[in-house]
Amino acid sequence: MSKDNQILEEFTSKEYEHGWSVDMEVDEAPPGLNEEIIKWISAKKEEPQWLLDWRLKAFKTWSEMTEPEWANVTYPKIDLQALRYYSAPKKSKKPKSLDEIDPELLQIYERLGISLNEQKKLQGIAVDAVLDSVSVGTTFKDTLSKLGIIFCSFSEAVKEHPDLVKQYLGSVVPMTDNYYAALNSAVFSDGSFCYIPAGVRCPMELSTYFRINAANTGQFERTLIVAEDSSYVSYLEGCTAPQRDENQLHAAVVEIYAAKNAEVKYSTVQNWFPGDKNGKGGIYNFVTKRGICAGDNSKISWTQVETGSAVTWKYPSCILKGDNSVGEFYSVAVTNNYQQADTGTKMIHIGKNTKSRIVSKGISAGKSQNSYRGQVQVMKRATNARNFSQCDSLLMGDKCGAHTFPYIDIQNSSAKVEHEATTSKIGEDQLFYCNQRGISTEDAVALIVNGYAKEVLNQLPMEFAVEAQKLLALTLEGSVG
Amino acid sequence: MLSIKNLHASIEGTPILRGINLEVKPGEVHAIMGPNGSGKSTLASVLAGREEYEVTDGSVDFLGKDLLDLAPEDRAREGVFLAFQYPVEIPGVSSTNFLRTAVNQVREYRGLEPLDAVKFLSEMKEKMKLVEIDQKLLSRALNEGFSGGEKKRNEIFQMAMLEPKLSILDETDSGLDIDALRVVSNGVNKLKSNENATIVVTHYQRLLDYIVPDYVHVLYKGRIVKSGTKELALELEEKGYDWIKEEVDAAV
Ligand SMILES: Nc1ncnc2c1ncn2[C@@H]1O[C@H](COP(=O)(O)OP(=O)(O)OP(=O)(O)O)[C@@H](O)[C@H]1O
Ligand SMILES: [Mg+2]
């Protein structure tokens, strides 16, 4: 047995740090999925008729669909009838300000290292936090609303800005898009809504934190970001979940709409519970994220650091409709133990002179499987489309797998598409070199991995880059030596 | 400070070191020469703690501690430094970041406060002068795309930063141009004191004009078969290794 293997045998995975849950009084739907449940959720949320109709239509669509099986992941079938589709911390009414938020809730977020109050004061980042199904508070609302920026929970947007929601909901990810998107459309609970008016540059990072707390609950958030002409926003999403033996389902939908000259940066640091080191428990993360560069010269950039979840199925994509529009996808996906990730992106070039850039860095350790799946499509009228893809895989040990599935479909001969791929191993030589300079193996792994992922981490806002670096190190702690 | 007794080591069952004895005292410079494949780098690796090598017999005492009992990083923290014959590349990690991690982990082991960014950078500036290394090189990823000579120079720069007690330079001279050889040797000489010791592994007597050894040893087939002073190196330069090989092989 080579040393690489031997050290990996000694693999002890660090326990998931956020693996606690809090007993709270909750208001929840009975388990099961049918029209009655959907009506129940809609009524609970005091939704208008049009939205209920939309949900029911989605449910009907979903009922006729079958679960996709093309992804390079295997997991036992989820019994969707055994799940609950709504769970909310019980309270008499919605909080009007942060001071009214249940202190127990705030405590949860503090344990996560995101105190809403602290964030608010110190970092100047607006945060909307979603616990199980409801949004619990949005900081900085006033500052933002002076600029005409709307940043609130999705439910609130339905009440306060129904026309905007009606106009854009499902416009980028139609309910018929795929199995999980249809499911989400039928039962989505809450999420965030963000609207940047024309000409406004959002002065702070907007941030959502998702956390699953209750058992046997699916979490189905819906995020909608609309950036009007010449506006700019940078949006960050972070996630955690308690450690439970059973698997929990998370099926979110994120839609981004960028008008002329608008730019949207969407960053995710995903740290859902990955399951224990024997592969028990963990989140199933089946997410549909898509943005449309609808206007000329618009730009959408996805950055993701994926370290959690037992199974991840996720392809943040860009539809480059406007001429000269730009789509970017920067991803670091780490899998350890028995995690499985099938992630990547789609870049659909429709407009002229559209450009896309894909940088994917996979890191696999333990017995995990890590797949990159990417599609670059250049339509007939997309003259001078450009794509550059770089897909790297880093392996730690020889029990894990890295796979690359690039699909390229070009219908315009002026297109230039480049694809580069590399696979490397954390070399024993590199580790020994670090050790010889007095650096522990643990820190050596962190250094090497962060170096490898640098191009992606550099895309993140400063304070989150630091967090992401720590997370990478933590996820791989004990993976060698 | 270093006492190697009857050291045997093998790799994948093949014996490479077959009874090395060596005493190194503070302030001394020892040169180790010998034909290709004789075990010089192996000796350096075994001292540094590379785990592929299995020590089958013998002992190594370093400043009163059983060196073979320590993890590689602890050997480094105790003051053993190896300038690699083939330094590795670590993409995306700047030399500065790498060294800061190293220096602070060594300091922590020795019970010292970590250096803050300002102190660290001024320390770096000072040591950069010593080996005349370009700032630009250090802001790049560690050794990535460095020329052979640049890698070697960077090794000595790291040595300057880590202030080891025992430095083992494995063919640091190979790949250096004539000017670089002088600069790097000067750097090594300036770092020399009565408290530290240096082992230089080399094929060329020329290096020993700059870094003057107190002793020269010839390694052959995993043993030190001849020891002498600087004159031995000159003799080797003139006559090659055949006469030593013949002597040894005849005795077997
Ligand atoms: N994995 C291995 N399996 C078998 N033999 C090995 C292995 N690794 C090294 N060796 C052998 O060990 C011997 C000593 O190698 P070493 O690198 O120590 O030589 P050296 O004296 O440093 O040579 P050079 O002057 O060329 O640098 C060589 O014959 C080499 O082929
Ligand atoms: Mg050698």
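Numbered from 1 within each chain, the chains take letters A, B, ... in sequence-line order. Both backbone and side-chain heavy atoms feed into the values below; hydrogens, waters and symmetry mates do not. This one's a predicted model, so the numbers in the text were calculated from it and none came from an experiment.
The distance from the CG atom of A:N435 to the CD atom of B:E51 is 8.0 Å, given to the nearest 0.5 Å. For the atom pair CG (B:L142) and OH (A:Y433), the distance works out to 5.0 Å, reported to the nearest 0.5 Å.
The shortest side-chain heavy-atom distance between B:R50 and A:D429 falls under the 4.5 Å cut-off. Residues A:I448 and B:I90 have side chains in contact (heavy-atom distance under 4.5 Å, counting atoms from C-beta outward). Between B:Q105 and A:C434, the closest side-chain pair of non-hydrogen atoms is not below 4.5 Å. Contact annotation: the side chain of A:L447 approaches that of B:T101 to within less than 4.5 Å [non-hydrogen atoms, C-beta and beyond]. Contact annotation: the side chain of A:Q436 never approaches that of B:S45 to less than 4.5 Å [non-hydrogen atoms, C-beta and beyond].
The shortest non-hydrogen separation linking B:E89 to A:Q430 is O-NE2, 3.0 Å. Across all their heavy atoms, B:A76 and A:G438 have their closest contact at CB-N, 3.4 Å.
If you measure heavy-atom distances from A:Y452 to chain B, the contacts under 4.5 Å come from the backbone alone. For a residue to count as touching a neighbouring chain, one of its non-hydrogen atoms must lie under 4.5 Å from one of that chain's; by this rule B:E12 does not touch chain A. Contact annotation for B:Y109: neither backbone nor side-chain heavy atoms come within less than 4.5 Å of a heavy atom of chain A. With a 4.5 Å cut-off on non-hydrogen atoms, B:L99 does not touch chain A at all. Interface residue B:P87: backbone and side-chain heavy atoms are both found under 4.5 Å from chain A. Using a 4.5 Å cut-off between heavy atoms, B:V80 touches chain A through backbone and side chain atoms alike. Proximity to chain A (any heavy atom under 4.5 Å) is restricted, for B:L162, to the side chain, taken from C-beta onward.
Using the six-membered ring where Trp is involved, B:F84 and A:F432 have ring planes that are perpendicular, over 60° apart on the 30 and 60° scheme.
Taking a 6.0 Å sphere around NZ of A:K346, one finds it holds 12 or fewer heavy atoms contributed by other residues, nucleotides or ligands. When the shell of 6.0 Å around CD of B:E195 is examined, it contains 12 or fewer heavy atoms from other residues, nucleotides or ligands. Heavy-atom neighbours of A:K416 NZ from other residues, nucleotides or ligands within 6.0 Å: at or below the threshold of 12. For NZ of A:K355, the number of neighbouring non-hydrogen atoms (other residues, nucleotides, ligands) closer than 6.0 Å is 12 at most.
With chain A as the partner, the residue from B:M161, B:R75, B:E155 showing the most heavy-atom pairs under 4.5 Å is B:E155.
Panel note: side chain A:R437, backbone B:M159; no donor-acceptor pair is recorded below 3.5 Å.
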